[in-house]
Amino acid sequence: MSENIRIVKLLNTPEAGGEYTVAGWVRSTRASGDIVFIVLNDGSNLSGIQLVLERNDIPDFERFSKIATGTAIQANGRLVPSPAAGQQYELAVIKLKIVGESNPDYPLQKKRHSFEYLRSIAHLRPRTNTFGAMFRLRSKLAQAIHRFFAEHDFLYVHTPIITASDCEGAGELFRVTTLPPNSAPRNEGGSIDFGQDFFAQKTGLTVSGQLEGELFAQAFGNIYTFGPTFRAENSNTARHAAEFWMIEPEMAFSDLHDDADLAEEFVRYLCRFVLNDCAEDMAFFDQYIEKGLIERIRTVAEADFARMDYGDAIKYLQKANTNFNFPVEWGLDLQTEHERYITEQVVGGPAFVMNYPKDIKAFYMRQNDDARTVAAMDLLVPKVGEIIGGSQREERLELLERRIGDMDIPREPLWWYLDSRRWGSTPHAGFGLGFERIIMYLSGMENIRDVIPFPRTPRHAEF
RNA sequence: UCCCCAGUAGCUCAGUCGGUAGAGCGGGUGACUGUUAAUCACCAUGUCCGUGGUUCGAGUCCGCGCUGGGGAGCCA
């Protein structure tokens, strides 16, 4: 590490007077006669630090008064109280070194840019205020998530990225293969012979770590995964990406209500965390991205989440004075417009919808005694919609096997999953939370492509 | 994949009835002893997304394509 001090640390220095060296990238240069102001940002905070250059104090003054936006510099000077409004301290520069030149072609101007434009220069956008705040938040949130589970004694398990189970029912897989694309070996029938592939079977990138997570829960009690997840769906929306990160806890000896309890505590923990530990960046989001964000998050951090049965949600929707585009009827899945009505109009905050009809849910969900619903839950939040999907899992071998049969799912590849119900099976439950979706919810950002450093969506894998 | 909207200067956009393009910001130059997206003055900048058509004439109208955005489905 260099002798440079991080700007965020320097600005937290209790008193001025010392001599320091900072290094970063120029955000703005303002020259006025014999004095030049440079806003320098090193990524450690939002504001950066104001450098002050005076003609009499610094050699090469003329040259430095024309430093272009984007230039990488290292500056040495004295930390002094700022005589002007806008900042507490500034750095009275004695020595300045240009580390990497920039020029007027630098695509980031001293003005607001649209998110669409910034997506086209994703390699440079982390140097903007919004994306600086965004990726600091993302980093800290990831660490907070690990801390939450560590504090609750959950085991962190790395489930495989490459998987052979394409029957998880969570979406299209990206294929993983080393077979030559134009001359793949064929069976007699003409289909591709995956027996000759690297893994001697058809494999893809994981769409969920849940099934493997369940196996670990049956040994460690409480576990979680937190890793990349891939869906090859041709989804073109503000909240879908082909590559995203998912958090999937799984708890043995637990039911659906324990599951919702965990989800609620988890989301509330993250709300409190960003308010307390990301205050400067959150204030920025509150001012420029979503007015009232902080108040909204504070409310969520304090309130209990609503819980309602799917059946009751249907009743609310049928009573609603709204013309929905899609029919509302017991047995049909809730559409986005319905979910939004529930969370935004009925509840006005986060809401769990629980116990869905079994016919619209995955095979592994636990069948309720009413024989027509399963112990599933979705957590819906205003603006983002579904942020968590979870369930209690079917732990009874016989019922699980029957369900697999009813749904025509090949059972052979799932032999190990079924084995977990054979010896020492326990009631257990878990959920999946999209990392990007919680970031969107907590920051007010409305497009998933703006909360991922280099997003992968259909037709986009540049950078 | 479906529906809708858009593509004009580096960026954000305006462009009337079809008559060969303009503003703000950004940039350059100069002025200014403390600025906060500094201010003031002056200066420069275009494959009007591509392609085919209609027309005396197309940024403008029509077809096709490409790209981007919004919504839906899939879901986290």
Side-chain angles (χ1 to χ4, degrees), chain A residues 27-39 47-56 61 65-66 68-70 80 82-87 90 92 102-121 128-129 168-172 207-210 225-226 228-248 263 288 324-326 333-337 339-340 360-362 378-381 384-390 431-441 446-452 457-460:
Chain A
R27 285 288 178 80
S28 159
T29 305
R30 292 182 289 270
S32 172
D34 295 331
I35 191 163
V36 172
F37 301 94
I38 294 173
V39 176
S47 70
I49 192 169
Q50 172 158 282
L51 309 181
V52 184
L53 284 63
E54 296 202 64
R55 191 184 290 275
N56 296 333
F61 178 85
S65 70
K66 290 174 184 165
T69 308
V80 297
S82 180
Q87 59 281 316
E90 58 192 27
S102 182
N103 62 45
D105 295 337
Y106 184 58
L108 290 172
Q109 303 171 357
K110 285 196 293 184
K111 54 172 279 193
R112 264 190 112 130
H113 288 293
S114 68
F115 288 140
E116 288 86 351
Y117 172 66
L118 291 171
R119 274 172 221 150
S120 73
I121 51 167
T128 64
N129 284 338
E168 293 166 16
E172 286 294 309
V207 294
S208 166
Q210 180 199 316
T225 72
F226 183 6
T229 309
F230 307 88
R231 306 261 167 102
E233 301 288 349
N234 190 12
S235 297
N236 292 289
T237 82
R239 58 188 190 287
H240 291 262
E243 177 180 317
F244 63 100
W245 283 59
M246 188 153 65
I247 299 120
E248 295 179 287
Y288 293 105
F324 295 117
N325 291 315
F326 290 88
D333 208 354
L334 299 182
Q335 302 293 320
T336 299
E337 59 178 354
E339 295 181 340
R340 290 191 61 170
I360 57 173
K361 288 294 180 181
D378 284 346
L379 177 61
L380 312 176
V381 296
V384 177
E386 185 181 341
I387 199 166
I388 283 179
F431 61 79
L433 175 138
F435 185 40
E436 284 77 12
R437 290 199 180 165
I438 192 82
I439 297 174
M440 290 164 71
Y441 184 63
E446 292 188 339
N447 196 311
I448 198 167
R449 299 184 258 266
D450 298 326
V451 305
I452 299 178
T457 52
R459 298 187 306 283
H460 293 278

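Proteins come first, then strands; the chains are lettered A, B, ... in the order of their sequence lines, and each starts at number 1.
- Note: A:F435 CZ to A:M440 CE = 13.0 Å, rounded to the nearest 0.5 Å.
- A:R55 has no side-chain polar atom (N or O) that falls below the 4.0 Å cut-off from OP1 or OP2 of B:rC32.
- Each of A:H460, A:R239, A:R119 was scored for a side-chain contact (heavy atoms from CB on, under 4.5 Å) with A:R449, with one residue passing: A:R119.
- Contact between the side-chain N/O atoms of A:N236 and the OP1/OP2 oxygens of B:rC3 is not found at any separation under 4.0 Å.
- If you check every strand for non-hydrogen atoms under 4.0 Å, A:T237 touches a base.
- Although no hydrogens or angles enter the test, the distance criterion places no donor-acceptor pair under 3.5 Å between the side chain of A:S235 and the main chain of A:T237.
- To the nearest 0.5 Å, atom CD1 of residue A:I121 and atom OG1 of residue A:T128 are 8.0 Å apart.
- Nucleic acid contact for A:P104: sugar-phosphate only, since backbone atoms but no base atoms lie under 4.0 Å from a heavy atom of the residue.
- Along RNA chain B, the nucleotide nearest A:G389 and the nucleotide nearest A:N447 are compared for position; the residue whose nucleotide lies closer to the 5' end is A:N447.
- Between A:S32 and B:rG34, a side-chain N or O to OP1/OP2 separation shorter than 4.0 Å is present.
- Taking atom C1' on both nucleotides, B:rG73 is separated from B:rG57 by 46 Å, rounded to a whole Å.
- Contact detail for A:V36 and A:I38: the closest heavy-atom pair is CG1-CG1, 4.0 Å.
- For B:rG68, the OP1/OP2 oxygens have a side-chain nitrogen or oxygen of A:H460 closer than 4.0 Å.
- Within the nucleic acid shown, A:G432 comes within 4.0 Å of sugar-phosphate atoms alone, with no base atom in reach, counting heavy atoms only.
- In this entry the distance linking CZ of A:R30 with P of B:rA37 reads 7 Å, nearest Å.
- Spacing between B:rC25 and B:rU39 at atom P, rounded to whole Å, works out to 8 Å.
- B:rA58 and B:rC48 have their P atoms separated by 13 Å, given to the nearest Å.
- Within the 4.0 Å cut-off from OP1 or OP2 of B:rG73, at least one side-chain nitrogen or oxygen of A:T336 is found.
- Distance check on atom C1': B:rC74 versus B:rA14 gives 40 Å, rounded to whole Å.
- Closest heavy-atom contact between A:S208 and A:M246: CA-CE, 4.0 Å.
- One atom, CD of A:E90, and another, C1' of B:rU35, lie 10 Å apart when rounded to the nearest Å.
- Here the separation of B:rU33 from B:rG70, taken at their P atoms, is 48 Å to the nearest Å.
- Across all strands, A:S82 comes closer than 4.0 Å to base atoms (heavy-atom distances).
- Below the 3.5 angstrom threshold, one finds no donor paired with an acceptor across the side chain of A:S235 and the base of B:rC75.
- Remark: B:rG68 base-pairs with B:rC5. Criterion, Watson-Crick or G-U wobble with two distances under 3.5 Å.
- Put simply, A:R231 has no side-chain N or O that comes within less than 4.0 Å of OP1 or OP2 on B:rG73.
- For the atom pair NZ (A:K110) and OG1 (A:T29), the distance works out to 6.5 Å, reported to the nearest 0.5 Å.
- Minimum atom distance to the side chain of A:V52 is reached by B:rG34, of the listed B:rG34, B:rC75, B:rG70.
- B:rA23 and B:rG46: their C1' atoms are spaced 15 Å apart (whole Å).
- In this structure, of B:rG73, B:rU12, B:rG70, it is B:rG73 that holds the atom nearest to the side chain of A:Q335.
- Between the side chain of A:E233 and the base of B:rU1 there is no donor-acceptor pair of N/O atoms closer than 3.5 Å.
- Residue contacts shown for A:I438 are absent, as no nucleic acid heavy atom lies under 4.0 Å away.
- Remark: C1' of B:rG73 and CD of A:E337 are 12 Å apart, rounded to the nearest angstrom.
- With sequence neighbours excluded, the residues satisfying ring-ring contact (aromatic ring centres under 6.0 Å, His included) with A:Y288 are A:F284.
- With distances taken from any side-chain atom of A:P83 to the nucleotides B:rG70, B:rG24, B:rG34, the minimum falls on B:rG34.
- A:I387 comes within contact range of the sugar-phosphate backbone alone, with a heavy-atom separation under 4.0 Å but no base atom that close.
- Note on A:R119: a side-chain N or O is less than 4.0 Å away from OP1 or OP2 of B:rG69.
- Straight-line distance between the C1' atoms of B:rA9 and B:rA44: roughly 11 Å, to the nearest whole Å.
- In this entry the distance linking CG of A:N234 with C1' of B:rC74 reads 10 Å, nearest Å.
- Summarising the geometry, the separation between CD on A:Q87 and P on B:rA37 is reported as 10 Å, rounded to the nearest angstrom.
- Of the side-chain N and O atoms in A:Q50, none sit less than 4.0 angstrom from OP1 or OP2 of B:rU35.
- Look at the P atom in both B:rG27 and B:rU12: the space between them is 16 Å, to the nearest Å.
- A:Y117 comes within contact range of the sugar-phosphate backbone alone, with a heavy-atom separation under 4.0 Å but no base atom that close.
- Base pairing analysis places B:rC13 opposite B:rG22; the two distances defining the Watson-Crick or G-U wobble pair are each below 3.5 Å.
- Nucleotide B:rC74 holds its C1' atom 11 Å from the CG atom of A:D333, rounded to whole Å.
- With B:rC75, B:rG70, B:rG27 as the candidates, the nucleotide lying closest to the side chain of A:R239 is B:rC75.
- Atom NE2 in A:H240 sits roughly 13 Å away from atom P in B:rG70 (whole-Å rounding).
- Scanning atom types as modelled, no donor and acceptor separated by under 3.5 angstrom connect the side chain of A:E54 and the base of B:rU33.
- For B:rU20, the base is syn relative to its sugar; the glycosidic angle is within 90° of 0.
- Distances shown here put every side-chain N or O of A:R27 at or beyond 4.0 Å from the OP1 or OP2 atom of B:rA37.
- Rounded to an integer number of Å, the gap from CZ of A:R459 to C1' of B:rG69 is 11 Å.
- Side chain A:E116 to base B:rG68: no donor-acceptor pair is found below 3.5 Å.
- Of all heavy-atom pairs spanning A:T457 and A:H240, the tightest one is CG2-O, 3.9 Å.
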